[in-house]
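Please read all numbers here as calculations on a predicted model, not as lab measurements.
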Amino acid sequence: MSGRFSPRPTRTTVRGGHVGVPVGVPRQASAAGRVRNWVPEGPLDLGLVLGPLRRGPGDPTFRALPDGSVWRASLTPAGPGTLRVAAAGGAVRGEAWGPGAEWLLDRLPELLGASDAPEAFVPRHRVVATARHRRPGLRLTRTGLVLESLIPSVLEQKVTTDEAYRAWRLLVRKFGEPAPGPAAGGRLWVMPAPRTWALIPSWEWHRAGVDNKRASTILRAVRVAGRMEEAVRMAPAEAQARLEVVSGIGPWTSAETVQRSHGAADAVTVGDLHLPGIVGWALAGDREADDSVMLELLEPYAGQRHRAARLILLSGRVPPRRVPKMPRWDIGQL
């Protein structure tokens, strides 16, 4: 959720939000890993930058601890790895463990927004300018990994936030592996490898509350995992086109993926249930806005439309709810 604002808890507002990372003296890890120190240019808010990578408060691949550190477990091209990131005194310390440690540390600056260009953004609306002023540490992350964002995005298709987060949590804990390093032992997990995803029995998808359509989409994607990961070397628009070749992956899912894997500043999410109404309400007082209206309102931010949408979500300027929440269905109980 976005800082001191409290917008309604939809998946859309959570996506624009912030992971609370207390400021303090980082606690040293109990086992030494590989270390990299990096000094960012300008302000950096770890919670804002890395928050979109967390899939719910119980995400087994992500932890934000009271000592001010953020922990992530990833399946890198070099193998599983655990990364601990902490900021202190204007510098960032990254410590990593496992076969993927060097890969994670090599890409630490990009993960924290070094390839982003927030200075290129020019606010055109007061609500956007105010949100930007209040969030100077916002940068767009670039993970360099496609499947780790694509699979949970598919799980989030047309279901409630709780359902999607629960499915991700159950599947990763049951079919993933404990993360290397001191954060292992059941606290952090690395998501399953593509072949493991492909071998998950149909009844396990059902128990996790994942319908056949979403499960089949994930199975089709992991069967061409290499081609999916190749998309990280493409421009965001080309990468989206590559992902959408897979049946079941549309503009909504591809945008949600490249926003994280590429740090795509212009990949605005279309086809969302809430986002058009939120953008319409914040910029024009139009809660009935659809995708076409949203894109028209965001046109002044061409090249930076995703950043503008995130700032709008962080502003807390959302229309009041008029209808009940989407009902939650657990197909695993059927």
Side-chain angles (χ1 to χ4, degrees), residues 2-4 16-54 59 61-74 76-78 80-121 131-145 148-149 179-184 187-188 190 232 259-265 307 310-311 314:
S2 56
R4 54 183 173 270
H18 173 272
V19 173
V21 180
V23 177
V25 178
R27 176 174 55 84
Q28 297 300 313
S30 58
R34 300 190 180 188
V35 176
R36 177 175 183 179
N37 294 306
W38 177 66
V39 179
E41 296 182 4
L44 175 68
D45 187 320
L46 287 181
L48 281 174
V49 176
L50 299 179
L53 302 180
R54 184 178 71 168
D59 186 347
T61 69
F62 190 107
R63 292 287 184 274
L65 299 186
D67 66 358
S69 64
V70 173
W71 294 72
R72 291 191 68 238
S74 297
T76 76
T82 301
L83 176 67
R84 175 183 182 271
V85 184
V92 174
R93 174 186 170 91
E95 192 169 5
W97 297 263
E102 187 173 351
W103 191 97
L104 290 169
L105 291 178
D106 284 346
R107 288 154 183 80
L108 177 64
E110 285 196 349
L111 180 72
L112 299 179
S115 59
D116 187 26
E119 66 280 358
F121 182 77
R132 186 193 186 197
H133 176 73
R134 290 174 172 172
R135 310 289 184 174
L138 173 63
R139 292 172 178 264
L140 301 182
T141 184
R142 177 186 170 93
T143 66
L145 298 169
E148 77 167 20
S149 293
R187 296 202 60 189
L188 271 183
V190 178
V232 81
Q259 287 167 6
R260 297 165 171 86
S261 62
H262 291 66
R307 191 190 311 276
R310 273 205 71 190
L311 288 169
L314 287 166

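- Closest heavy-atom contact between Ala91 and Val39: CB-CG2, 4.1 Å.
- Heavy-atom minimum distance, Pro43 versus Pro136: CG-O, 3.4 Å.
- Minimum interatomic distance between Glu148 and Ser74 (heavy atoms only, all atoms of both residues): OE1-OG, 3.3 Å.
- Put simply, the side chain of Pro99 does not reach to within 4.5 Å of the side chain of Thr76, judged on heavy atoms.
- No more than 12 heavy-atom neighbours from other residues, nucleotides or ligands sit within 6.0 angstrom of CD on Glu41.
- Counting heavy atoms from C-beta outward, Leu83 and Leu108 have side chains that approach closer than 4.5 Å.
- Here Arg72 contributes atom CZ and Arg54 contributes atom CZ; the two are 12.5 Å apart, rounded to the nearest 0.5 Å.
- Taking OG1 from Thr82 and CG from Leu188, the interatomic distance works out to 6.0 Å, rounded to the nearest 0.5 Å.
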Chi angles and distances behind the side-chain contact (heavy atoms from CB on, under 4.5 Å) call for Leu44, Arg139: CA-CA 7 Å; Leu44 175 68; Arg139 292 172 178 264; 3.8 Å; yes
Using atom types as modelled, flag every donor-acceptor pair under 3.5 Å from a side chain in residues 110-118 to any protein atom, sequence neighbours excluded.
from, atom 1, to, atom 2, distance (Å)
Glu110, OE1, Arg142, NE, 3.3
Asp116, OD1, Arg307, NH2, 2.6
Asp116, OD2, Leu140, N, 3.0
Asp116, OD2, Arg307, NH1, 2.9
Asp116, OD2, Arg307, NH2, 3.3

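- Under the 4.5 Å side-chain criterion, counting only non-hydrogen atoms from C-beta, Leu145 is in contact with Trp103.
- Checked by atom type and distance alone, the side chain of Arg260 pairs as donor or acceptor with a backbone atom of Pro52 at under 3.5 Å.
- With hydrogens and angles disregarded, no donor-acceptor distance shorter than 3.5 Å links the side chain of Arg107 to the backbone of Gly144.
- Considering every non-hydrogen atom in both Val232 and Ser261, the closest pair reads CG2-O, 3.9 Å.
- Between atom CG of residue Leu50 and atom OG1 of residue Thr143 there is a gap of 10.5 Å, rounded to the nearest 0.5 Å.
- The minimum heavy-atom distance linking Gly100 with Ala78 is given by the pair CA-CB, 4.2 Å.
- Heavy atoms only, all atoms of each residue included: Glu95 and Gly33 are closest at OE2-N, 3.1 Å.
- Residues Pro182 and Arg84 are not in side-chain contact: their nearest non-hydrogen atoms beyond the backbone lie 4.5 Å or more apart.
- Counting heavy atoms from C-beta on, the side chains of Pro109 and Arg36 come closer than 4.5 Å.
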side-chain contact (heavy atoms from CB on, under 4.5 Å) between Val35 and Leu105, intermediate numbers included: CA-CA 8 Å; Val35 176; Leu105 291 178; 5.8 Å; no
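- Within the model, atoms CG of Leu104 and CZ of Arg34 stand 11.0 Å from one another, a figure rounded to the nearest 0.5 Å.
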